[in-house]
Amino acid sequence: MADATGVPVDSAPGASLRRAVVLTSASSFLIPVAGLLTQPVLARALGATGRGELAAAIVPAVLAGSVATLGLPDALTYLAAKRPWTILRALMWSALLSVAMGVLCFVVAWALLPFLSDGNAALGRLMLIAMALSIPMLVVGALRGAAMGHQMWGAVALESIINTALRVLVFVGLWLTGDLTVLIGVLVTFLAPAVAGFAYWPLLRKARSSAARPVSEDTGRVLLPLMSYGGRTWFGSVASMLAATIHQILMTPLASVRDLGLYSVASTVMDLPIIFSRAVAGALHGVNSKTSNADQVATATRVTTLLGLVGCLALGVSAPWWIVPLFGASFADAVLPTQLLLVSVVFYIPGPMAGAGLASFGRPGLRSVGFGLSLVVNISVFLVLVPRYGILGACLTGIAASALQSLFLVLTASRVLGVPAHRFVVPGPGDVALVWREGLGVLDKALVALRARLTRDSDRNPD
């Protein structure tokens, strides 16, 4: 049996999705934790002007990095799972293409520097430094994609831990010594992920070992499948990134700065369940690219939606009691927008999960169509509702775009995977039992490990 790209489908069980989800979701939560720790430090050390300069310096590099990936990380995940004997050469091609695209983005940024920096020479130099340092991050992204395809979830988690630890330790340490500057902020922002990329050193050994194994299939075609898959997923990645940022870009000219401030707080809360669902979707893509298990995709989508619903209910119902104490009295009006955006998250979760299933079955182009559709709805509805209803219009836009994206991707996944659509979104008693059982299992392992550690410590210190 073969998938849509002609790659043989492996029906044998792959690596444990449970382990992948636990490691990726746990490590992904380090990102907002690091933000909570470092953002106040940067604000206090740099001041409002310096913090603005840092944001202005890194934003072009971050956006360029999203465009320059060419969808190669997702392509490497798929190829590493399906054709592990080709991954070493695929990595070499990806590194070459990533560096070439990074250099091209640097040249474009240099040409547009007078516009991007608004004539500020010092800011322009910082932007060019950020653009140059973003090139190694493209290579790290390719390594991450290949590691996910090889089911190396420990390495993926270790990269996130190293990156977070470096950022927190360096920022806090330099702030305490009074040496934290905008330039250092730029350097740490991009060098920490590059250093963390050394977590994938074992991947290179594994890739060489896989390449050395004799296989009966043609190993000559690497670049074409890599670029084909990457090209089909690239547009969706860019569309998803734009859909996530377009509201904050357009809010001020269409509504007000105050609405943007309230929306920023609400979207910060919304990001918590979204980070979890994206981590699960990434793990599902990596594991299911190896197994091509349609039932696994449907079950993972239902369970993640159920967990998202419970989490969003808890956050939404309790929001009136913690929004003001956490963010201040001036953000009291952010409670309702937060609750509305949490509704949009519940509608949003099934879409990327079903999209991960499509990508793992060799149909990333269909996922990109769903993300592109969401971008079109986001922009068009936003332009209609926000001038009239302000931040509430933005929240309603999020609900409409999320619902339409999930509807399209779930129906499409149902057709491609041969699973009834309701099995992606309607949880049953078995799913509740599964969540309860798995939760108790994770808690039990954590408590056993803690007890063993305490026992060892007591043996070392009998007094």
Side-chain angles (χ1 to χ4, degrees), residues 10 12-32 71 73-82 84 87 140-161 163-164 196 199-200 203 206 229 233 236-237 240 271-308 311 345 348-364 367 409 413 417 424 431 434-435 437-439 441-442 445:
D10 180 10
S16 171
L17 179 61
R18 181 192 305 109
R19 178 172 181 269
V21 168
V22 170
L23 287 173
T24 56
S25 59
S27 59
S28 68
F29 271 112
L30 293 175
I31 298 174
D74 280 344
L76 285 165
T77 297
Y78 186 76
L79 286 178
K82 294 294 187 186
I87 201 60
V140 173
L143 292 170
R144 184 187 308 114
M148 293 173 71
H150 271 298
Q151 317 303 307
M152 298 176 65
W153 304 108
V156 175
L158 180 60
E159 181 222 342
S160 183
I161 292 171
N163 182 17
T164 303
Y200 297 117
L203 169 67
K206 190 168 185 177
Y229 193 102
T233 195
S237 300
S240 180
D271 282 343
L272 294 175
I274 284 184
I275 286 172
F276 170 74
S277 66
R278 287 176 177 170
V280 178
L284 179 65
H285 181 210
V287 171
N288 211 66
S289 290
K290 188 175 183 66
T291 62
S292 297
N293 188 330
D295 288 334
Q296 186 179 64
V297 175
T299 300
T301 303
R302 289 196 313 273
V303 169
T304 305
T305 303
L306 175 62
L307 290 173
V345 172
Y348 168 86
I349 289 176
M353 294 295 298
L358 288 169
S360 69
F361 271 70
R363 305 295 295 273
R367 180 180 62 173
L409 289 173
L417 276 61
F424 289 90
D431 298 315
L434 176 63
V435 170
R437 185 169 61 252
E438 294 296 334
V442 171
K445 290 180 180 179

Checklist entry - salt bridge (Lys or Arg N to Asp or Glu O under 4.0 Å): which pairs involve residues 142-161, sequence neighbours left out? => result R144-E159
Checklist entry - Got a second to check how far L417's CG is from D295's CG, nearest 0.5 Å? => result 9.0 Å
Checklist entry - Between atom CG of N163 and atom CG of L158, what is the distance when rounded to the nearest 0.5 Å? => result 11.0 Å
Item to check | Atom pair CZ (R278) and CD1 (I349), whose distance is rounded to the nearest 0.5 Å | outcome: 11.0 Å
Item to check | Over all atoms of both residues, closest heavy-atom pair of V156 and Y200 | outcome: CA-OH, 3.6 Å
Next on the checklist: Checking F424 against V297 for the side chain to side chain contact (heavy atoms under 4.5 Å, CB included) test, could you report, in this order, the C-alpha distance in whole Å, the side-chain angles of both residues, the deciding distance, and whether it holds?
Outcome noted: CA-CA 8 Å; F424 289 90; V297 175; 4.0 Å; yes
Next on the checklist: Treating S277 as the side-chain partner and I274 as the backbone partner, does any N or O pair qualify as donor plus acceptor under 3.5 Å?
Outcome noted: yes
Checklist entry - Which residue pairs pass the salt bridge (Lys or Arg N to Asp or Glu O under 4.0 Å) test with at least one member in residues 349-360, sequence neighbours excluded? => result none
Item to check | For L409 against G351, the heavy-atom pair lying closest together | outcome: CD1-O, 3.2 Å
Checklist entry - Is R367 close to D74 at the side-chain level, that is, under 4.5 Å between some pair of heavy atoms? => result yes
Next on the checklist: Can a donor-acceptor pair be found, under 3.5 Å and without considering hydrogens, that links the side chain of S360 to the backbone of G357?
Outcome noted: yes
Item to check | Heavy-atom pair of closest approach, residues G362 and Y229 | outcome: CA-CE1, 4.2 Å
Checklist outcome for this item: Here the pair of heavy atoms bringing T77 nearest to G145 is OG1-O, 2.7 Å
Item to check | Smallest separation among heavy atoms of A281 and P352, with atom names | outcome: CB-O, 4.0 Å
Checklist entry - Should M152 and L203 be marked as a side chain to side chain contact (heavy atoms under 4.5 Å, CB included) after you check the CA-CA gap, both sets of side-chain angles, and the distance that decides it? => result CA-CA 8 Å; M152 298 176 65; L203 169 67; 3.8 Å; yes
Item to check | Nearest heavy-atom neighbours spanning T305 and P350 | outcome: OG1-CG, 3.5 Å
Next on the checklist: Would F276 and V280 count as a side chain to side chain contact (heavy atoms under 4.5 Å, CB included) here? Give the steps.
Outcome noted: CA-CA 6 Å; F276 170 74; V280 178; 3.7 Å; yes
Checklist entry - Looking at residues at least two apart in the chain, or sitting in another chain, which of them share a side-chain hydrogen bond (donor to acceptor under 3.5 Å, both in side chains) with T304? => result none
